[in-house]
Amino acid sequence: MTQISEKLREVRVDEIIEKVALACQDAAYNMREDVSNALRRAMDVEISPMGRHVLDQLLENARLASEERVPFCHDTGIVVMLVELGQDVRIVGGSLNDALNEGVRRGYIGGFLRASVVRDPFDRVNTGDNTPAIIHYEIVPGDRLTIALTAKGGGSENMSRLVM
C-alpha cells in the first residue's frame, strides 16, 4: 500500500473566529475607500443643491461612523461570505462553518450591531446574533484561506412580497 503524506498549512478556528468578528464590525463602521471616492467625485459634478446636500451627509455619516465606531447604517445586514479554501489548507480545532458563524455571532454581539436575521422566513423568529451567515465556498489550488464578506442590507426588500 502506498501512502501519500504531505504537510498542509494549518489554520486554527480561533483565528478564523477573531478575523471574521473584526471584519463584520469593519464592514459596519467603515465605508470602502472606492465608495467614498466615488461619492466625492459625484460631489464634484452634482449641480443640484439637494443632491449635493445628500452626498455631503453620506460622507459626513461615513466619517462619523468610522471615528466613533458605530454603524453608518442602522441595517447592519445579513453577512454574506465568499470563502476560498485552498486545497492544501487544513482547518484545526473545529469546523470551518461553525467558526465562520461564531465569528459573525461575536462580531455582531461584541460590536453592538443590530441583529436582523430570522431563523426561518415563516416563523420570523430573530436569532439575536445575525447567524447563520450565507456562505459560498470555493475550493481553490494552494495553501491559502481567503474570506471576503459583506453585510447585505435588507432595506429594499423589507416591504416586498412574492406570490405564486
Side-chain angles (χ1 to χ4, degrees), residues 8-39 54 57-140 142-164:
L8 300 178
R9 176 169 176 231
E10 294 184 347
V11 179
R12 298 202 47 79
V13 296
D14 54 345
E15 182 182 357
I16 295 168
I17 291 167
E18 178 184 339
K19 300 284 186 188
V20 168
L22 292 173
C24 287
Q25 293 172 12
D26 184 61
Y29 305 151
N30 299 305
M31 183 178 286
R32 285 183 20 187
E33 190 174 344
D34 63 327
V35 175
S36 60
N37 287 340
L39 290 173
V54 169
Q57 290 298 298
L58 289 169
L59 288 166
E60 176 67 5
N61 188 39
R63 182 187 68 77
L64 289 170
S66 181
E67 287 176 8
E68 302 293 328
R69 295 203 35 90
V70 295
F72 58 82
C73 179
H74 76 280
D75 183 356
T76 55
I78 183 168
V79 176
V80 180
M81 291 186 223
L82 172 59
V83 177
E84 293 180 347
L85 178 62
Q87 59 193 17
D88 298 325
V89 174
R90 180 172 172 250
I91 305 301
V92 179
S95 154
L96 175 58
N97 200 64
D98 291 347
L100 295 169
N101 279 300
E102 181 61 24
V104 171
R105 180 177 294 107
R106 291 186 190 181
Y108 272 72
I109 292 172
F112 304 103
L113 303 177
R114 178 176 167 231
S116 55
V117 172
V118 295
R119 175 181 65 210
D120 182 284
F122 295 109
D123 68 18
R124 308 286 301 159
V125 173
N126 192 309
T127 63
D129 59 14
N130 252 40
T131 61
I134 297 171
I135 307 169
H136 303 277
Y137 291 97
E138 186 175 347
I139 305 299
V140 297
D143 66 350
R144 299 183 61 87
L145 170 63
T146 304
I147 303 167
L149 69 78
T150 189
K152 167 65 177 86
S156 63
E157 295 95 354
N158 73 352
M159 297 305 289
S160 63
R161 71 180 186 167
L162 173 65
V163 178
M164 298 178 116

Using a distance-only test with no angle check, is there a side-chain donor-acceptor pair under 3.5 angstrom linking Asn97 and Ser95?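 No, no side-chain donor-acceptor pair sits under 3.5 Å.
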Donor-acceptor pair, [X] side chain versus [Y] backbone, under 3.5 Å?
X	Y	value
Thr150	Val80	no
Ser66	Arg63	no
Asp88	Arg9	no
Tyr108	Thr131	no
Asn101	Pro132	no
Asn37	Glu33	yes

Do [X] and [Y] make a side-chain contact, defined as non-hydrogen atoms from C-beta onward lying under 4.5 Å apart?
X	Y	value
Val20	Val79	no
Ile135	Leu96	no
Asp129	Val104	no
Leu100	Met81	yes
Leu113	Tyr29	yes
Leu64	Val70	no

Roughly how far, to the nearest 0.5 Å, is the [atom2] atom of [Y] from the [atom1] atom of [X]?
X	Y	atom1	atom2	answer
Asp98	Ile91	CG	CD1	12.0 Å
Gln57	Leu39	CD	CG	12.5 Å
Ile78	Lys152	CD1	NZ	9.5 Å
Ile17	Arg12	CD1	CZ	10.0 Å
Glu138	Glu84	CD	CD	5.0 Å
Glu15	Leu145	CD	CG	8.5 Å

Here's a test for you: under side-chain contact (heavy atoms from CB on, under 4.5 Å), which of Asn126, Ile134, Asn130 qualifies with Val117?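 When side-chain contact (heavy atoms from CB on, under 4.5 Å) is applied between Val117 and each of Asn126, Ile134, Asn130, only Asn130 qualifies.
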Residue pair [X] / [Y]: nearest heavy atoms and the distance that separates them:
X	Y	value
Ala28	Thr76	CB-CG2, 4.3 Å
Ala62	Met31	CB-CE, 3.7 Å
Pro71	Ala65	C-CB, 4.1 Å
Gln25	Arg69	OE1-NH2, 3.3 Å
Cys24	Gly107	CB-CA, 4.4 Å

If you count the non-hydrogen atoms of other residues, nucleotides and ligands that lie under 6.0 Å from CZ in Phe112, is the total more than 12?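 No.
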